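Input: a single structure, listed below in structure tokens.
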Amino acid sequence: MYFLPITALIGFIFMFIKSSWVSKQDEGNDKMQVIAQNIAKGAMAFLKAEYKILSIFVLAVAALLVFKGSNEVDSSWVVAVSFIVGALMSGLAGFIGMKVATKANVRTTNAARTSLHKALEVAFSGGAVMGLGVVSLGVFGLSVLFLIYSLFYDINSANGIIKVLNIISGFSLGASSIALFARVGGGIYTKAADVGADLVGKVEAGIPEDHPLNPATIADNVGDNVGDVAGMGADLFESFVGSIIASMVLGAAFFSLAPFSDYPLGAVMLPLALAGVGIIVSIIGTFFVKVKEGGNPQTALNIGEFLSAGIMILVSWFLIQQFLPEAWTYNGKDFTNTGVFIATIVGLLAGLGVGKITEYYTGTGTKPVTSIVKQSVTGPATNIIAGLGVGMMSTAVPILLIAAGIILSFHFAGLYGIAIAAVGMLANTGIQLAVDAYGPISDNAGGIAEMSELPKEVRQRTDKLDAVGNTTAAIGKGFAIASAALTALALFSAFMQQANISSIDISKSYVMAGLLVGGMLPFVFSALAMGAVGRAAMAMIKEVRRQFHDIPELKNALAVMKKYDADMTKASKEDIEIFEAANGKAAYQECVAISTEASIREMILPGLLAIATPVVVGFIGGAEMLGGLLAGVTVAGVLMAIFQSNAGGAWDNAKKMVEEGVEVDGKVLSKGDEAHKATVVGDTVGDPFKDTSGPSLNILLKLMSVVALVIAPSIAVSSVNTMSNEKEVVKEITITDEVPQLSPNQKVEKEVMVEIVNDETTVTIVTNITNDNGEVVTTEEILKGEEAQKFLEEHKSK
């Protein structure tokens with residue numbers, strides 16, 4: 001148990017070494033440094049404003065949790081401490097990622113002046129700090145809390161371990177809450193800036209992306225960090241800790257089984273052990289990410305990622321053998337440690353599979369993206385129709401992969417297997433997030449190169465890194481969606497266990513109502529996010545247009561650029577002087593302020609929707625109706641997330657294909673033509689899809705499941721006898737009868753299920769007798785009517 005914080009400390013040491021190395025790299029010339037400082041200031045201003053609001057929210061929810069925990073038998077007011085620690089760790093993960101990303105971007109630009117290899121090394125090192133920070137903080141927070149709570153509660157008893165896990169689930173709620181606001185707020189910020197910069201800068205003014213004359217360009221580069229670094233980090237941090245806690249809760253069900261007498265906490269601690277070892281494996285993988293000049297950065301990143309996955313599979317086998325008995329039986333189903341190992345592999349392969357399918361539907365030059373390019377020739381309408389079609393079709397294979405993963409992991413290890421599959425999928429989060437965070441760092445590096453007017457070969461190198469970054473970002477989003485689906489299902493299973501629900505019957509009116517409301521929520525949530533981006537983008541567009549119109553130097557410089565079609569090499573000496581007079585005249589901070597204020601204001605309603613809905617439904621409609629709600633939001637949320645993320649990614653890369661020059665039916669499409677304008681419109685529509693509403697849905701469905709898990713002890717009691725005109729499971733208890741023992745090793749257990757249908761009581765008694773040789777003999781007896789009532793009275797008297 002004590003080695004888990006040590007693995008986190010190793011991660012912290014690696015982060016410090018990498019961060020120090022990045023800091024020592026050359027920042028480049030004065031102009032580059034000024035631009036980088038503006039980006040860093042904007043990013044930190046956003047975090048400061050966001051965390052100020054979130055601190056109020058955290059304290060308010062913590063106060064409610066103190067009241068809730070104090071009034072529950074299987075919980076405690078200490079759940080509020082877990083919640084605050086989870087929120088702090090999630091916020092710290094975002095802060096660390098943002099800090100190192102804004103350090104690495106300008107250093108990547110300067111490294112690109114030398115070689116592609118050096119630029120990749122700097123960008124990936126910055127991403128590695130972010131990735132290892134997320135997993136190290138998650139493992140450290142959970143393991144230290146578990147060790148502290150074990151000093152106050154008897155974790156060697158069934159009631160004690162359940163109480164500790166109920167308390168520690170607050171950690172996941174804290175992480176989920178911060179993650180949702182970070183994802184939604186960051187997504188609104190980045191897309192408001194991006195849309196304003198693209199529509200006014202590219203389409204209306206005809207200037208290149210990231211041009212220093214564009215007032216929104218600094219806000220756009222800040223947005224890459226707040227959305228794709230802090231937002232994605234918080235997203236995967238929340239998935240990471242959510243899957244671990246769900247597995248721990250489900251593993252506690254095996255605590256009292258005879259085969260676990262030598263492994264009392266094995267099933268509970270295994271998820272944390274896998275996560276801790278994953279830190280070490282991710283560190284090893286980072287050393288294999290290298291590329292030579294002229295090489296393919298994608299190949300280098302794939303080597304590190306797939307090598308880590310291979311090592312993790314090997315290590316998982318030995319860990320599972322150490323933490324679990326060879327075989328056991330639970331609820332009449334046989335389990336083996338080999339089955340748990342297979343479930344782990346299933347999760348890992350499903351995650352990689354969804355990532356590769358995402359790459360196919362969103363990657364530059366693939367058939368789906370090329371089809372969007374071809375349909376852009378006839379204008380924006382056909383471009384958007386094609387993109388919507390690609391996004392919808394892209395849901396098929398990932399859903400089948402996730403469904404297969406669920407079925408296989410359940411087959412081999414039950415509900416615990418589904419949770420472990422989610423842990424297996426996220427075991428390599430360290431390097432997965434490093435690869436993902438590398439993307440926005442490279443994107444920023446290209447922007448700084450453009451604004452600093454560095455030689456073309458520098459921008460070509462950063463563009464090469466950025467193109468790979470778009471693919472890694474798309475894969476990361478696919479990976480996040482797949483992990484969200486399994487994590488939500490694992491949390492859902494943990495909720496059912498804590499709420500004493502054995503099954504949910506969708507033929508019941510209130511369950512079906514919950515299912516429909518749950519299916520509706522992702523659409524309402526997406527509408528709120530899209531509307532927020534639209535309103536913020538309108539404010540940004542107006543501000544950029546105002547500056548182009550009201551600032552004389554900018555207005556004159558734009559006229560010169562239009563005169564020479566943005567090719568200033570052809571400009572006269574007088575026109576160059578006019579152009580250079582506009583340098584530094586754009587009011588970048590005005591645009592940064594618009595994005596910051598809009599994102600903070602607009603993130604509150606979607607966040608409250610996600611947190612309040614399960615609480616209201618759970619306490620009014622009961623545990624089963626809440627179960628229906630969670631099922632609906634999970635199904636619709638996963639589908640909507642895949643559709644939106646992939647459609648947005650495909651539109652983005654279709655635009656990039658045209659900008660690089662692509663031949664369609666014998667005609668070369670390029671920047672500035674009508675097809676390019678159509679792809680810019682498509683990309684503008686897709687931006688909030690892929691960077692705001694789509695990714696935020698991952699957190700919506702996980703957060704709602706976490707909230708349900710936290711309130712489960714309360715509604716498990718209040719749901720008894722609710723709506724008794726329909727079938728309802730009241731409680732499930734385990735008792736040990738005092739019977740004549742054939743030998744000291746004999747054990748007799750009875751599992752009793754009580755059901756009420758139209759005021760008629762049915763008692764199902766499953767008896768498990770364990771003999772000297774470990775063999776379990778199971779019998780079932782069903783009592784109805786007076787027999788059932790008599791049994792309950794006798795049991796009550798005992």
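This structure is a prediction, so every number in the text was calculated from the model and none was measured.
- Contact between Pro215 and Ala586 at its shortest, heavy atoms only, is CA-CB, 4.0 Å.
- For the atom pair CG of Asn110 and CG of Asn105, the computed distance is 11.5 Å after rounding to the nearest 0.5 Å.
- Looking only at distances, no side-chain donor or acceptor of Ser452 sits under 3.5 Å from a matching main-chain atom of Ala449.
- Contact check for Pro695 versus Ser645: side-chain heavy atoms found under the 4.5 Å cut-off.
- Using a 4.5 Å cut-off on side-chain heavy atoms (C-beta onward), Met640 and Phe523 make contact.
- Contact check for Ile39 versus Ile448: side-chain heavy atoms found under the 4.5 Å cut-off.
- Distance check: Lys573 NZ to Ile578 CD1 gives 13.0 Å after rounding to the nearest 0.5 Å.
- When each of Thr364, Val373, Thr679 is checked for a side chain to side chain contact (heavy atoms under 4.5 Å, CB included) with Asn653, only Thr364 meets the rule.
- Residues Phe525 and Val184 have side chains in contact (heavy-atom distance under 4.5 Å, counting atoms from C-beta outward).
- Salt bridge present: Arg546 and Glu543 bring a charged side-chain N and a carboxylate O closer than 4.0 Å.
- Thr692 contributes atom OG1, which lies 12.5 Å from atom CG of Leu528 (distance to the nearest 0.5 angstrom).
- Counting only distance, with no hydrogens or angles, the side chain of Asn556 and the backbone of Pro552 share a donor-acceptor pair below 3.5 Å.
- Contact check for Val633 versus Pro522: side-chain heavy atoms found under the 4.5 Å cut-off.
- The CZ atom of Arg535 lies 8.5 Å from the CD1 atom of Ile188; values are rounded to the nearest 0.5 Å.
- Side-chain atoms of Val106 and Ile35, non-hydrogen and from C-beta on, never get closer than 4.5 Å to each other.
- For Ala445, the side-chain contact (heavy atoms from CB on, under 4.5 Å) partners two or more places apart in sequence, or in a different chain, are Thr108, Thr109, Thr462.
- For Ser371 (side chain) and Ala386 (main-chain N/O), no donor-acceptor pair under 3.5 Å exists by modelled atom type.
- Distance alone, capped at 3.5 Å, places no donor-acceptor pair between the Thr217 side chain and the Asn214 backbone.
- Distance check: Ile551 CD1 to Lys555 NZ gives 12.0 Å after rounding to the nearest 0.5 Å.
- Checking side-chain atoms of Thr613 against main-chain N and O of Ala610 turns up no donor-acceptor pair under 3.5 Å.
- Using a distance-only test at 3.5 Å, with no hydrogens or angles considered, no donor-acceptor pair links the side chain of Asp652 to the main chain of Asp683.
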Anything under 3.5 Å between a donor and an acceptor, one on a side chain of residues 389-400, the other on a protein residue two or more places apart or in another chain? List them.
unit_1: Ser394; atom_1: OG; unit_2: Gly391; atom_2: O; d: 2.6
unit_1: Ser394; atom_1: OG; unit_2: Asn646; atom_2: ND2; d: 3.0
unit_1: Thr395; atom_1: OG1; unit_2: Met392; atom_2: O; d: 2.7

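- Atoms CG and CE, on Asn444 and Met451 in that order, are 7.5 Å from each other to the nearest 0.5 Å.
- Taking 4.5 Å as the limit, some side-chain heavy atom of Tyr438 sits within range of a side-chain heavy atom of Leu465.
- When side chains are defined from C-beta on, Phe689 counts as touching Met530, because their heavy atoms get closer than 4.5 Å.
- In this structure, Thr190 contributes its side chain and Gly223 its backbone to a donor-acceptor pair below 3.5 Å.
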